[in-house]
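Inspection log for the structure reproduced underneath, given as structure tokens.
Reckoned from all heavy atoms, side chains included, excluding hydrogens, waters and symmetry mates. Every chain is numbered from 1 and lettered A, B, ... according to where its sequence line falls, protein lines coming before strand lines.
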Amino acid sequence: PNEFTFATVLTSCSGPQSIHQVKQVHSLVAKTNFESHMFVGSSLLDMYAKAGNIQEARRVFDMLPERDTVSCTAIISGYAQLGLDDEALDLFRQLYSAGMQCNYVTFTTLLTSLSGLASLDYGKQVHGLILRKELPFFVVLQNSLIDMYSKCGKLLYSRRVFDHMPQRSTISWNAMLMGYGRHGIGHEVVQLFRTMTEEVKPDSVTLLAVLSGCSHGGLVDEGLDIFDLIVKEQNAVLSIGHYGCVIDLLGRSGRLQKALDLIQDMPFEPTPAIWGSLLGACRVHVNVSVGEVVAQKLLDMEPGNAGNYVILSNIYAAAGMWKDVFRVRNLMLEKTVTKEPGQSWIILDKVIHTFRSSDRFHPRKKDIDAKIKEIYVDIKAAGFVPNLSCVLHDVDDEQKERMLLGHSEKLAVTFGLMNTPPGLTIRVMKNLRICVDCHNFAKFVSKIYGREISLRDKNRFHLLTDGACTCGDYW
DNA sequence: ATAGGGTTAG
């Protein structure tokens, strides 16, 4: 075998199951001294990264005698594809200052990481680099820009990029549709979808984007009509994700029994995500009877997921059934439940400030504590009532109130309010979905202080202006 | 003539 053979064979060893094959080929590569060949090395490190072994990928990269655009892009992409966005950005900055040459693939990769970080500042800066390079037109690169701006909360810029494209792929349309959906702008989703179908054929991702956009944008009837049409025409492959969107739609409109029926009739086994969406709907519409059925399924399927207990308890609390709230809390104490630790961050002047719940170690803790107390007095005077059912710990109400005030998104919003001038949108990101109490807190802050707040949670953007949110209080 | 990196997703 020569370098051509190895580079070709390695490309076929893709995916997490292939790690064994990659290692076998790697040993042959090492024996025949092709490890430091540029093409073979790039392919090798790429395969390690795609199989999830980023350490080994990095080792191969570090051993390359020279580096070129492709090998640098491959290792950055390795971090990016594993969601290690900080690491991808750091490595890019190192390699770039060391003189790395970038092409459109490098930028496409880098933009993916900036989307993950939701860093508008870095995103704009990289867009600037791209413009200065005066690259020819590449659809993929423009698609990444659309996605980056949408995930950084600047939908207007996404649309500007989209409008200026001389050619568009299905992915361009899909990225734009997803963007509107992520921001809860349902009517733009439907309008753009209609324009799209005049020009290109939608694929299954398009339909996912449209259904999810209708759901998040509150366009219940439009979404159901579109779904009926898709089912009737039968020219698209429907996945469980499509059904998930429609179940979410039915749940949003309060048609919980219809949602249950669809779960029974659909050609897929319901996943925890499907039940979870319905449980969320039961919380919004305070439906105890369906909620109990759904919660039982979920607690059987994933007994260790704390979130399900919290929502069930929220439903009981909203219905005033305090004995049941207590029962769920005890149930939770009996099981070993785990919860991904919540964290929120805000980027000010290109510095990422991260907050964790009841953060005791933040250097500005004293200032933040003082400011949050001041805010609390103001918003309570305006009618804010803390939602104590968001706390499941067995503590008294006063302690619950203190715990709620420690939530990471409140700390980040407060920090933003302290450190940005009036008129500027406060942009906060969170790794989990936002809790009801924090959502309400942000609403009051937007109203009392006249500040727009953009809150990106795990699923979508909440844009809070003058006491109202683009999610319509359903998320 | 033949080889390595890339975009959308309840």
Side-chain angles (χ1 to χ4, degrees), chain A residues 1-12 14 34 37-47 49-50 57 60-61 64 67-81 100 102-113 115 138-148 150-151 158 161-162 165 168-182 202-216 223 238-249 251-252 266 268 270-278 280-281 433 458-460 475:
Chain A
N2 63 9
E3 65 272 34
F4 286 77
T5 328
F6 285 127
T8 312
V9 167
L10 279 165
T11 316
S12 69
S14 195
F34 283 113
H37 185 276
M38 193 75 89
F39 280 38
V40 178
S42 318
S43 188
L44 193 55
L45 77 87
D46 185 52
M47 288 307 115
K50 286 199 166 81
V60 174
F61 177 75
L64 285 175
R67 292 162 177 179
D68 68 354
T69 304
V70 175
S71 53
C72 290
T73 306
I75 187 68
I76 293 170
S77 154
Y79 286 103
Q81 282 170 8
M100 161 194 186
C102 302
N103 65 11
Y104 80 101
V105 183
T106 322
F107 289 127
T108 303
T109 301
L110 182 59
L111 285 169
T112 312
S113 279
S115 301
F138 293 105
V139 180
V140 262
L141 179 55
Q142 302 294 314
N143 291 350
S144 296
L145 279 170
I146 294 174
D147 190 55
M148 181 276 290
S150 137
K151 286 183 177 156
S158 295
V161 173
F162 179 83
M165 289 168 76
R168 303 185 186 102
S169 65
T170 305
I171 292 178
S172 324
W173 293 90
N174 291 355
M176 198 66 234
L177 288 168
M178 286 285 174
Y180 283 125
R182 192 175 288 123
D203 64 8
S204 69
V205 178
T206 314
L207 300 179
L208 212 52
V210 173
L211 292 172
S212 142
C214 285
S215 183
H216 286 289
L238 291 180
S239 70
I240 190 162
H242 296 93
Y243 282 92
C245 292
V246 181
I247 289 158
D248 204 51
L249 264 164
R252 158 185 286 277
M266 70 179 182
F268 298 96
T271 58
I274 298 270
W275 292 120
S277 143
L278 195 51
R433 297 178 73 177
K458 193 168 191 171
N459 274 0
R460 56 165 295 154
W475 68 93

A:F4 has its side chain closest, among B:dT8, B:dG5, B:dT2, to B:dT2

Categorize A:N103 for me: base, sugar-phosphate, or nothing, with a 4.0 angstrom heavy-atom threshold over every strand shown. base

Can you confirm whether A:T106 sits close enough to A:M100 that some side-chain heavy atom of one is under 4.5 Å from a side-chain heavy atom of the other? yes

| query | Taking C-beta and beyond as the side chain, do A:D147 and A:L111 meet within less than 4.5 Å on heavy atoms? | reply | no

ask   = A:D203 and A:T170: side-chain donor and acceptor closer than 3.5 Å?
value = no

- Task: Would you confirm whether A:H37, through its side chain, and A:A7, through its main-chain N or O, come within 3.5 Å as a donor-acceptor pair?
- Result: no

Review point. Counting any heavy atom closer than 4.0 Å, what does A:S169 reach on the DNA or RNA strands: base, sugar-phosphate only, or nothing?
Key: nothing

Report the relative orientation of the aromatic rings in A:Y104 and A:F138; use parallel for angles under 30°, tilted for 30 to 60°, perpendicular for over 60°. parallel

Taken to the nearest whole Å, NE2/A:H37 to C1'/B:dT2 is 13 Å

Ring-on-base stacking B:dG4 with A:F39 (under 5.5 Å, under 30°) = yes

A:K50 NZ to B:dG4 P, in whole Å, measures 11 Å

Practice item. Scan A:S277 against the nucleic acid and name what it touches under 4.0 Å (heavy atoms): base, sugar-phosphate only, or nothing. Key: nothing

| request: Answer whether the closest heavy-atom distance between the side chains of A:M38 and A:S71 falls below 4.5 Å. | output: yes

Review point. What nucleic acid atoms does A:M176 come within less than 4.0 Å of, heavy atoms only: base, sugar-phosphate, or nothing?
Key: nothing

task: Give a yes/no answer on whether the side chain of A:T8 brings an N or O atom under 4.0 Å of OP1 or OP2 in B:dA3.
output: no

| When we call it a touch if two heavy atoms are under 4.0 Å apart, what does A:T73 touch: a base, just sugar-phosphate, or nothing? | base

* Asked: With a 4.0 Å cut-off on heavy atoms, is A:D147 in touch with a base, just the backbone sugar-phosphate, or nothing at all?
  -> sugar-phosphate

- Under 4.0 angstrom, heavy atoms only, what part of the nucleic acid is A:T5 near: base, sugar-phosphate, or nothing? nothing

Here the distance between atom P of B:dG5 and atom CE of A:M100, to the nearest Å, is 15 Å

- [ ] Using only side-chain N and O atoms of A:R460, determine if any of them is under 4.0 Å from OP1 or OP2 of B:dG10.
- [x] no

What is the nucleic acid contact for A:R168, judged by heavy atoms within less than 4.0 Å: base, sugar-phosphate only, or nothing? nothing

task: For A:Y104, report the nucleic acid contact type (base, sugar-phosphate, nothing); a contact means any heavy atom under 4.0 Å.
output: base

How is A:H242 classified with respect to the nucleic acid when contacts are heavy atoms under 4.0 Å: base, sugar-phosphate, or nothing? nothing

A:L211 CG to B:dT8 C1', in whole Å, measures 15 Å

When rounded to whole Å, the OH to P distance for the pair A:Y243 and B:dG10 reads 18 Å

Quick note, A:A7 side chain, CB onward, closest among B:dA3, B:dG10, B:dT8 is B:dA3

Checking B:dG4, B:dA3, B:dG5 against the side chain of A:D46 (C-beta onward), the nearest is B:dG5

Check: Using a cut-off of 4.0 Å on non-hydrogen atoms, how would the nucleic acid contact of A:T112 be classed: base, sugar-phosphate, or nothing?
Finding: sugar-phosphate

Query raised in the report: Just checking A:K458: base, sugar-phosphate only, or nothing, at a heavy-atom cut-off of under 4.0 Å?
Result: nothing

From CE of A:M178 across to P of B:dT7 the rounded distance in Å is 15 Å

A:I171 atom CD1 is separated from B:dT8 atom C1', nearest whole Å, by 5 Å

Between CG of A:L111 and P of B:dG5 the distance, given in whole Å, is 19 Å

